**Q** 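Take this structure first; my questions come after.
Side chains are part of it too, since the values below use all heavy atoms of this structure and drop only hydrogens, waters and symmetry mates. Quick caveat, the model's predicted, so the values are computed rather than measured.
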Amino acid sequence: MTLPGYRMYSPPAPPRKSTLARASQVLGIVGLVGLAACFAGLVPAIVGLILGTVSLVRRDPDRRPALVGVVCSGLAVVIGALALSWLLSKAAQCGDEARYPDDLSRRGCVEREFPFAQANP
């Protein structure tokens with residue numbers, strides 16, 4: 001019971017944290033870092049992009065992590081897709097039978113274009 005003229009103090013409610021936004025942020029950062037590990041970051045980046053978009057469409061109150069997650073995930077997807085398409089185009093050039101007719105010349109192309117893929121004797 002309050003006395004007349006006095007108000008009860010009620011503390012403000014704590015801000016709601018969006019788990020979708022936080023998950024998107026974490027997966028976006030993991031996606032960027034994971035690109036260095038043989039494109040392992042593409043899957044978390046795609047999931048982070050979806051979660052961040054869902055969080056933004058829902059208009060969750062915690063928008064900043066969702067934006068960071070969407071940007072990081074988008075960058076990881078674009079960089080990963082460009083790098084993957086470049087590597088696949090190089091591999092397709094080495095597999096061209098008109099340019100490299102025999103197996104030895106194709107193997108030489110692969111060793112020249114992809115020095116990190118050489119087999120250890």
**Q** For the CD atom of Glu113 and the OG atom of Ser89, what is their distance to the nearest 0.5 Å?
**A** 9.0 Å

**Q** What distance do Arg112 atom CZ and Arg107 atom CZ have between them, rounded to the nearest 0.5 Å?
**A** 14.0 Å

**Q** I'd like to know if the side chain of Ser55 and the backbone of Leu51 have a donor-acceptor N/O pair within less than 3.5 Å.
**A** no

**Q** Could you see if Leu27 belongs to whatever hydrophobic cluster contains Val54? Use Ile, Leu, Val, Met, Phe, Trp, Tyr and a side-chain cutoff under 4.5 Å.
**A** yes

**Q** Can you tell me how far the CD1 atom of Ile50 sits from the CG atom of Leu20, to the nearest 0.5 Å?
**A** 12.0 Å

**Q** Taking a hydrophobic cluster as the set of Ile, Leu, Val, Met, Phe, Trp and Tyr residues connected by side-chain heavy atoms closer than 4.5 Å, whether directly or through intermediates, do Leu42 and Leu87 fall within one such cluster?
**A** yes

**Q** For the atom pair CG (Leu75) and CD1 (Ile29), what is the distance rounded to the nearest 0.5 Å?
**A** 12.0 Å

**Q** Compare all side-chain heavy atoms of Glu97 with those of Arg106 and state whether any distance is below 4.5 angstrom.
**A** yes

**Q** In Å and rounded to the nearest 0.5 Å, what is the CG to CD1 distance from Leu82 to Ile79?
**A** 8.0 Å

**Q** Tell me every residue that passes side chain to side chain donor-acceptor pair (under 3.5 Å) with Asp96, counting only those two or more places apart in sequence or in another chain.
**A** none

**Q** Taking everything shown except Arg63 itself, do over 12 heavy atoms lie less than 6.0 Å from its CZ?
**A** yes

**Q** Does Ser24 reach the main-chain N or O of Gly48 with its side chain, forming a donor-acceptor pair under 3.5 Å?
**A** yes

**Q** Quick one: which of Val30, Val77, Val33, Leu32 gives a side chain to side chain contact (heavy atoms under 4.5 Å, CB included) with Cys72?
**A** Leu32

**Q** CZ/Arg99 to OG/Ser105 distance, rounded to the nearest 0.5 angstrom?
**A** 11.0 Å

**Q** Within the distance-only criterion (no hydrogens, no angle test), does the side chain of Ser73 pair as donor or acceptor with the backbone N or O of Val70 below 3.5 angstrom?
**A** no

**Q** Search all heavy atoms of Val110 against all heavy atoms of Cys94 and return the closest pair with its distance.
**A** N-SG, 3.7 Å

**Q** So which atom in Gly80 and which in Phe39 form the shortest heavy-atom distance, rounded to 0.1 Å?
**A** O-CE2, 3.8 Å

**Q** Grouping I, L, V, M, F, W and Y whenever their side-chain heavy atoms are under 4.5 Å apart, do Leu84 and Phe114 come out in a common cluster?
**A** yes

